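Here the structure is laid out as structure tokens; the discussion comes afterwards.
No experiment lies behind these values; they were computed from the predicted model shown. Counting starts at 1 for both ligands and their atoms, following the listed order.
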Amino acid sequence: MQTNFSAAQLADPHVAESEKILRKCVHCGFCTATCPTYVTLGNELDSPRGRIYLIKDMLENGRPADTEIVTHIDRCLSCLACMTTCPSGVNYMHLVDHARAHIEQTYRRPLLDRLTRAMLAFVLPYPGRFRAALKLAQLGRPLIGLLEKLPTLKPLAAMLKLAPSSTPPASPIASPGVHAGQGTKRGRVAILTGCAQSVLDPAINEAAVSLLTRLGVEVVVPEGEGCCGALVHHMGREDQALASARQNVDAWTRAIDQGGLDTIIITASGCGTTIKDYGFMLRLDPAYAEKAARVSAVAKDITEYLAALDLPEPVRKPGTIVAYHSACSMQHGQKITRQPKELLAKAGFLVREPREGHLCCGSAGTYNILQPDISAKLRNRKVKNIEATGAEIVATGNIGCITQIASAAKLPVVHTIKLLDWAYGGPKPDGVSENSLGGAE
Ligand code: SF4
Ligand code: SF4
């Protein structure tokens, strides 16, 4: 694509990066076919190609964002299916991240939208605040019907609907410390405790630590870890996202310097995509560029790490049919497609893949709160495809997808690591019946 940026504009490294990306796009439109919002809404401006044109126009003319571009960029899930499809290697992720930051800096949103976003950015990345907010949400549940009738308050209704009816207690696993590996030492890793996942389902990291230590891997929970920054990054709040990234880079760099780390393990693929991008996000910060690149280079999803470990034979033989839902951040963001399915199959599960596996479930960070109508359509489509597999359980590797799919599916939705931990001798995952697991000892 031809671009017309001035030399002065290109002196801004963010614009220069976006210009490079724009020039790679050849307008072929292949990406439209796999874009969930284009498939759902049928509007070219809600396709990757349409958004790329809108972003190009906004940046080239150096103008503030307007309502039209905000509408279409807000509808983008950042699912990155377009990047998987694009034959020209267009880095849509970095382009839309830049557009979102530009929108945040130049566009004044309506009051309620501003308040909702500010509240999400204030609450979600902090486990203590999030836990308190979930308790409060119980009191607000009777208002869901009323809030749903008022278009501007629909995000509040969506938030209340997604809030679980009870919250598990905080896990000791989330506290800084070292969990020694059993038997012959096979590695030393850090694990991201994260934010929302540690509140909604702390048993995910408990399963990860339990399995890793049984396999002989020492697991460190470094002091000072926090939210990876993805939630605010996708809202265009760059300063907040970069502050989270720096905090984690510092925590992991200390851990690397103190005792060495083979890997930084991540059990939420939405976080993994962002942490693997820290090197890019902090490239312009001389104090952090190198450290951030080092962190990104050793970050791995738990399934990537386990797949390289040469696991023993499982303790149980489940034979359970599992529908594997590949989170967008797993398959498109990190290009991890094979390992989770192979691990489940090796552990004795019969893995089925739902139709339209490339399409987002509509979770996408805070998307299911901020865009509840499109999100619900995508969720229902996903659940229908999952249920058509005839599976007894859904496995996936991202807490956002778990919450989203579980809000409409009849079958249990669990993190892949919980099924693996169970097959290798760990406890039965909560919410899954013995019958559906059926594992023979
Ligand atoms: S990130 Fe997803 S929703 Fe956004 S343009 Fe690409 S395919 Fe469409
Ligand atoms: S597939 Fe790639 S090159 Fe083709 S229009 Fe989409 S982003 Fe541009």
Tell me which part of [X] gets within contact of ligand 1: side chain, backbone, both or neither, using heavy atoms under 4.0 Å.
X     : answer
Ser78 : backbone
Arg75 : neither
Tyr92 : side chain

In terms of heavy-atom contacts, Lys276 and Lys300 come closest through CE-CA, 4.2 Å
So, 2.8 Å as the limit: is an N/O/S atom of Cys28 located closer than that to atom 4 (Fe) of ligand 2?
yes
Find the distance between CD1 (Ile173) and CD1 (Ile191) and round it off to the nearest 0.5 Å.
8.0 Å
Describe, in one word, how the ring planes of Phe280 and His94 are oriented to each other, choosing from parallel (under 30°), tilted (30 to 60°) and perpendicular (over 60°).
parallel
So which protein heavy atom does atom 3 (S) of ligand 1 come closest to, and at what separation?
Leu77 N, 3.4 Å
Please find out if atom 6 (Fe) of ligand 2 and some N, O or S atom of Cys25 are separated by less than 2.8 Å.
no
May I ask whether Cys82 places a heavy atom under 4.0 Å from ligand 2?
no
Under 4.0 Å to a heavy atom of Leu80 - the qualifying atoms of ligand 1, by number
1 (S), 2 (Fe)
Begin from the C-alpha positions of His234 and Tyr367 and carry the test ring pair (Phe, Tyr, Trp, His ring centres under 6.0 Å) through to its verdict.
CA-CA 9 Å; His234 292 152; Tyr367 192 92; over 10 Å; no
Taking side chain as C-beta onward, heavy atoms only, is Leu242 less than 4.5 Å from Leu282?
yes
Donor-acceptor under 3.5 Å (Gln331 side chain, Ser326 main chain)
yes
May I ask you to check whether Cys79 brings an N, O or S atom to under 2.8 Å from atom 2 (Fe) of ligand 1?
yes
